[in-house]
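All remarks here apply to the structure that follows.
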Amino acid sequence: MNPQPSDIRLLAIVGPTAVGKTDLALRIGRQVAAEAVSADSRQIYRLMDIGTAKATMAEREVLPHHLVDIVDPDDTLTLAQYLELAKAAIAEIHARGKLPILVGGTGLYVRALLEGWTVPEAPPDEAFRQRMYALAEAEGAKALSQRLAEVDLEAAASIDARNVRRVIRALEVHHLTGQPISKLQRKRPPGYDVWTIGLTCSRERLYARIDARVERMLAAGLEEEVRQLLDRGYDPTLPSMSGLGYRQMAAYLTGETTQAEAVQQIKRDTRRFVRQQYNWFRLSAGWITWYDIAEVNPERIAAKAVTFARTGERAQKAQDGALFAEPGAEPT
RNA sequence: GCCGAGGUAGCUCAGUUGGUAGAGCACUUGACUGAAAAUCAAGGUGUCCCCAGUUCAAGUCUGGGCUUCGGCA
């Protein structure tokens, strides 16, 4: 008998990069039987350890991590594949009598999982994409969007015509399924017994943490890690190499920029990324119990999580240092 | 000390024949359903170094001052 999702107690830890999500998960892992399910689109890659700030092997002894190191840098993992693997991992961990902890900063993954997005069954068709890009090149992005309007008016209206990538995906779905993407996108909440903790702090503080972390990555050998990837023949244009730290380091190592510029750009781009992350994890979101790390000791947050693991009891907003009192707010 | 070139948005700078300013980046915000740390979009920003003068009107012209950077002593 498979357990119903509603039987599965799931803790989620979200927030911007470098705020301390992994650290919190480890603290919890030392106190209760738990395993982590990563919701990080970059930690999936093997050989990319330093720049993605993966938990160390020793830390993974304490808290086993799923969905980390699962594909090679020249491979890709799609959203649909991620969702399948994550759901399976969560079910397995629960079956072992342990607490699954969803940890990660990839908003798309977290939201898609917790909100139960049904991804249209249309795997990428590279040849089709190439043709569409050529078309966009020849006739312009507008023309492509008009083509989409002919088969899917709703999608054409909601996707910015200038965002060629998304317009092509919508066309691709119609091409492969004969149906408009706007009709295939569904949400079916999986119904986990989930509590989502969000970690945050002021931008000023976070930006300082980011700068410090980038320096630590450099000291730990980020440059050498990227050089080895290039030496192994992994091309700078691969999706995996578009990650923070890798893209800029590769540009330096191939002579496009100076080292100092590359480092500065990593810091700058990471700050930009943080702003993007807050679009997925809004401070005003009722489904997240936010804690400001400058105000609440991580041990105290971990204690709340442990209580949840044991009893299913969530810390109340408006107490325990949680931000944004909105009692009764439900996950969407 | 002398000669030259500057001082305009957080930074680098543009600003035509005088009509109270503008681009890139930064910064802030938003979208996001099989590439997502991707891709795309929107937005604000100013003692135009200071003082005086000419003028209906000065970032722009004139004089003085302060200051930065070169070169020469």
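As a basis for the values below, the full set of heavy atoms in this structure was taken, side chains included, without hydrogen atoms, waters or symmetry mates. The sequence lines fix the lettering, A, B, ..., with proteins before strands; numbering per chain opens at 1.
- Taking the P atom of each, B:G22 and B:U47 are spaced 16 Å apart, rounded to whole Å.
- Distance noted for atom C1' between B:U45 and B:U28: 11 Å (whole Å).
- Comment: A:Glu261 does not engage A:Arg268 in a salt bridge, judged by the lack of any side-chain N to carboxylate O separation of less than 4.0 angstrom.
- Between A:Arg129 and the phosphate of B:A35, there is a side-chain N or O to OP1/OP2 separation shorter than 4.0 Å.
- Within the 4.0 Å cut-off from OP1 or OP2 of B:C32, not a single side-chain nitrogen or oxygen of A:Arg111 is found.
- Look at A:Asn163 and you won't find any side-chain N or O under 4.0 angstrom from OP1 or OP2 of B:A41.
- Using Watson-Crick or G-U wobble geometry with both donor-acceptor distances under 3.5 Å, B:G70 finds its partner in B:C3.
- To the nearest whole angstrom, the two C1' atoms, one in B:C48 and one in B:U20, are 10 Å apart.
- Nucleic acid contact for A:Ala122: base, since at least one base atom lies under 4.0 Å from a heavy atom of the residue.
- At a threshold of 4.0 angstrom between heavy atoms, the contacts of A:Asn279 include nucleobase atoms, whether or not backbone atoms are also involved.
- A sub-4.0 Å separation between OP1 or OP2 of B:A36 and a side-chain N or O of A:Tyr109 is present.
- Contact annotation: A:Tyr207 side-chain N/O to B:U28 OP1/OP2 distance is under 4.0 Å.
- Tested against A:Glu35 for a side chain to side chain donor-acceptor pair (under 3.5 Å), the candidates A:His94, A:His65, A:Arg60, A:Arg96 yield a single pass: A:Arg96.
- Taking atom CZ of A:Phe273 as the reference point, atom P of B:G30 lies 16 Å away to the nearest angstrom.
- One finds a side-chain N or O of A:Arg275 lying less than 4.0 angstrom from the OP1 or OP2 phosphate oxygen of B:C27.
- Distances shown here put every side-chain N or O of A:Arg188 at or beyond 4.0 Å from the OP1 or OP2 atom of B:U33.
- Listed pair A:Arg166 / B:U39 fails the phosphate criterion, with no side-chain N or O lying under 4.0 Å from OP1 or OP2.
- Dashed line: the shortest gap from a side-chain N or O of A:Arg271 to OP1 or OP2 of B:A26 is not under 4.0 Å.
- When heavy atoms are screened at a 4.0 angstrom cut-off, A:Arg162 is found touching the sugar-phosphate backbone but no base atom.
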- [ ] Tell me, with the steps shown, if A:Arg271 and A:Thr17 meet side-chain hydrogen bond (donor to acceptor under 3.5 Å, both in side chains).
- [x] CA-CA 9 Å; A:Arg271 288 194 280 269; A:Thr17 193; over 6 Å; no
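- Among B:U28, B:U39, B:A35, the nucleotide with an atom closest to any side-chain atom of A:Tyr133 is B:A35.
- For the residue pair A:Glu204/A:Ser202, the side-chain donor-acceptor check at 3.5 Å is not satisfied.
- Between B:U39 and A:Arg272, no contact under 4.0 Å exists linking OP1 or OP2 to a side-chain N or O.
- As a whole-Å value, the separation of A:Arg186 CZ from B:G34 P is 15 Å.
- Taking 4.0 angstrom as the limit, A:Arg169 places none of its side-chain polar atoms (N or O) nearer than this to OP1 or OP2 of B:U33.
- Under the Watson-Crick and G-U wobble criteria, each requiring two contacts below 3.5 Å, nucleotide B:A14 is left unpaired.
- For the pair A:Arg203 CZ and B:A26 P, the interatomic distance rounds to 15 Å; values are reported in whole Å.
- Taking the charged nitrogens against the carboxylate oxygens, A:Arg46 and A:Asp72 do have a contact shorter than 4.0 Å, which makes a salt bridge.
- With a 3.5 Å ceiling on both atom-pair distances, the Watson-Crick or G-U wobble partner of B:C40 is B:G30.
- A donor atom on one side chain and an acceptor atom on the other are not found under 3.5 Å apart for A:Tyr109 and A:Ser38.
- Between A:Gly243 and A:Thr118, it is A:Thr118 whose nearest contact on RNA chain B lies nearer the 5' terminus.
- Counting only heavy atoms from C-beta on, A:Arg268 has its side chain closest to B:C27 among B:C32, B:C27, B:G34.
- Between B:G43 and B:A23, the distance separating the two P atoms is 11 Å to the nearest Å.
- Place A:Gly107 and A:Gln185 on RNA chain B by their nearest nucleotides, and A:Gln185 ends up nearer the 5' end.
- Listed nucleotides B:A41, B:A31, B:U33 differ in distance to A:Leu108; the shortest reach to its side chain belongs to B:U33.
- Residue contacts for A:Gln276: at a heavy-atom cut-off of 4.0 Å it reaches a base atom on one of the strands shown.
- Using P as the reference atom, B:A57 and B:G18 are 15 Å apart when rounded to the nearest Å.
- Side-chain atoms of A:Arg111 and A:Thr106 include no donor-acceptor pair closer than 3.5 Å.
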